[in-house]
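Note sheet for the following structure.
Only this structure's heavy atoms are used, side chains among them; waters, hydrogens and symmetry mates stay out. Protein chains get the first letters and strands the later ones, always in sequence-line order, with residue 1 at the start of each. In this text, all values refer to a predicted model and were calculated from it rather than measured experimentally.
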Number of protein chains: 2
Amino acid sequence: MSMAEETAGTEASPWGEVTPDAARRLLLAAVEAFAERGYHATTTRDIAGRAGMSPAALYIHYKTKEELLHRISRIGHEKALDILRTAARAEGSPTERLAEAVSSFVRWHAGGRTTARVVQYELDSLGPEARAEILALRRQVDAEVRGIIEEGVASGEFDVPDVRGTTLAVLSLCIDVARWFNVDGPRTPEEVGTLYAGLVLRMVGAGEAAGAAQR
Amino acid sequence: MSMAEETAGTEASPWGEVTPDAARRLLLAAVEAFAERGYHATTTRDIAGRAGMSPAALYIHYKTKEELLHRISRIGHEKALDILRTAARAEGSPTERLAEAVSSFVRWHAGGRTTARVVQYELDSLGPEARAEILALRRQVDAEVRGIIEEGVASGEFDVPDVRGTTLAVLSLCIDVARWFNVDGPRTPEEVGTLYAGLVLRMVGAGEAAGAAQR
DNA sequence: GATCGCGCTAAGCGCCCGCTCACCCATCCC
DNA sequence: GGGATGGGTGAGCGGGCGCTTAGCGCGATC
């Protein structure tokens with residue numbers, strides 16, 4: 001009832017694919033609760049209550065509380081991967097594509113902080129098989145960013161001595177936005193995205209070549 | 001019994017000041033448990049068991065489970081602040097001091113990943129008053145790093161359009177090391193510290209001035 | 001308009017949580 | 001040697017947890 005405006009601030013929350021309606025409401029309630037208090041501190045009674053249902057209703061749509069987290073995590077990672085893939089496979093130089101990848105990835109983590117928090121920080125609460133599935137998605141995320149950086153190195157635009165380490169650092173920087181970003185703070189997701197894209201280009205040495213060309 | 005080698009790998013864990021001995025063993029057990037499973041998923045029975053004591057023994061030394069987390073968090077933040085202060089107030093140019101600050105801060109997060117994880121990621125599990133106290137320490141941490149960057153801008157060594165935002169990004173980058181660093185992984189804390197110091201110097205535009213001077 | 005099936009609820013099971021309490025046993029002071 | 005002190009234990013409390021089950025209301029079907 002109070003979460004109807006969810007579609008407004010966030011960039012088109014990807015929960016549209018979840019059906020039926022009651023299952024989606026429960027998932028949305030779980031995302032909110034997990035983000036606020038963490039998975040283990042959230043009770044099934046709390047989730048059901050936020051969705052306006054009785055505790056037992058949850059188990060009609062999901063086998064366990066963990067299945068809720070698993071579904072949230074998979075959908076979230078797929079969305080994150082989709083964002084990076086779109087940026088990585090767009091037209092343009094590695095510099096342009098890296099900037100777009102970072103800024104859109106950061107925008108997602110800042111704007112959809114609620115979801116991103118759960119997706120990025122509750123991984124350990126999953127069981128072994130579910131975690132393994134999510135880790136495979138993470139490896140694809142890493143490969144996507146590493147690909148852009150490698151292309152930039154190959155083209156001479158970037159100067160990166162340690163590609164794997166720098167990829168790790170870039171992703172780490174973006175992901176941690178979900179931890180500290182505050183919706184009531186002074187910065188919009190767009191501003192943070194722009195700031196971070198600039199910082200990352202410096203990290204890969206993209207400014208130097210551009211600067212040298214200008215001189 | 002199995003945690004006697006704690007002093008080996010880690011850089012002189014700061015728990016020496018905690019007395020008596022039983023209280024320190026409980027604190028150490030709590031750090032391990034909180035880092036592995038999170039605060040809410042850890043039971044007092046688990047903590048006491050790791051320390052080789054009965055569940056009731058915990059309440060002789062600590063009023064509640066939360067007091068354990070509070071103590072860990074305060075000691076950890078004080079140690080982190082101490083590390084940054086030492087680097088910030090050393091002799092040398094802003095470039096040298098920023099590099100030393102980042103590399104030592106990162107070494108602490110990687111080497112003492114167990115402690116750092118609890119310190120950096122379980123803040124929300126504290127009550128309002130305890131959290132407020134810790135947040136004050138965090139503001140001092142931020143001010144220390146911002147100070148170095150401001151000096152570098154003033155001296156012309158750095159080129160930083162957004163000092164507050166860049167400070168945030170630098171700290172975020174360092175802190176997130178505690179999330180992904182793996183002791184069994186390919187990198188030592190020293191290597192990550194060196195890598196990150198280089199990346200941060202690029203973020204503040206320190207390479208440019210040096211590069212320009214070399215040309 | 002009776003039947004069926006599905007989404008949902010009320011009630012509650014068994015378990016384990018944080019925490020307490022009555023008591024134990026070394027050590028130390030006199 | 002007797003008594004106080006303080007770190008420690010075993011048993012257990014009230015309560016809240018994840019999850020189950022019996023049954024209810026209601027729209028679709030014929």
Looking at [options], which one has an atom nearest to any side-chain atom of [X]?
| X | options | result |
| --- | --- | --- |
| B:A56 | C:dC21, C:dA10, C:dC19 | C:dC21 |
| B:T44 | D:dT9, C:dG18, D:dC19 | C:dG18 |
| A:Y59 | D:dT20, D:dG8, C:dT20 | D:dT20 |
| A:K65 | C:dC19, D:dG18, C:dT9 | D:dG18 |
| A:A57 | D:dC19, C:dC8, C:dC19 | C:dC8 |

Donor-acceptor check, side chain of B:R131 to backbone of B:L126, threshold 3.5 angstrom: yes or no?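 Confirmed, B:R131 side chain pairs with B:L126 backbone.
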Using a distance-only test with no angle check, is there a side-chain donor-acceptor pair under 3.5 angstrom linking B:Q120 and B:R179?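 No, no side-chain donor-acceptor pair sits under 3.5 Å.
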Going by atom types only, do A:H70 and A:E133 share a side-chain donor-acceptor pair under 3.5 Å?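 Yes, A:E133 and A:H70 have a side-chain donor paired with an acceptor closer than 3.5 Å.
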Report yes if at least one side-chain N or O of A:H40 is closer than 4.0 Å to OP1 or OP2 of D:dC17; otherwise report no.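 So the side chain of A:H40 is outside the cut-off, no N or O lying under 4.0 Å from OP1 or OP2 of D:dC17.
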Does the side chain of B:H61 get closer than 4.0 angstrom to OP1 or OP2 of D:dG6 through an N or O atom?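 Result: no.
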What's the [atom1]-[atom2] distance between [X] and [N], to the nearest Å?
| X | N | atom1 | atom2 | answer |
| --- | --- | --- | --- | --- |
| A:I47 | D:dG16 | CD1 | C1' | 15 Å |
| B:I60 | D:dT9 | CD1 | P | 7 Å |
| B:E67 | C:dG18 | CD | C1' | 14 Å |
| A:M53 | D:dG25 | CE | P | 18 Å |
| A:L58 | D:dT20 | CG | C1' | 13 Å |

So what does B:T43 hit on the nucleic acid, given a heavy-atom distance under 4.0 Å: a base, only sugar-phosphate, or nothing?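 It contacts sugar-phosphate atoms only.
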Presence of salt bridge, A:R89 and A:E144, under 4.0 angstrom: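 Looking at A:E144 and A:R89, the cut-off is met.
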Does the C:dG18 base have a donor-acceptor partner in the side chain of B:R45 within less than 3.5 Å? yes
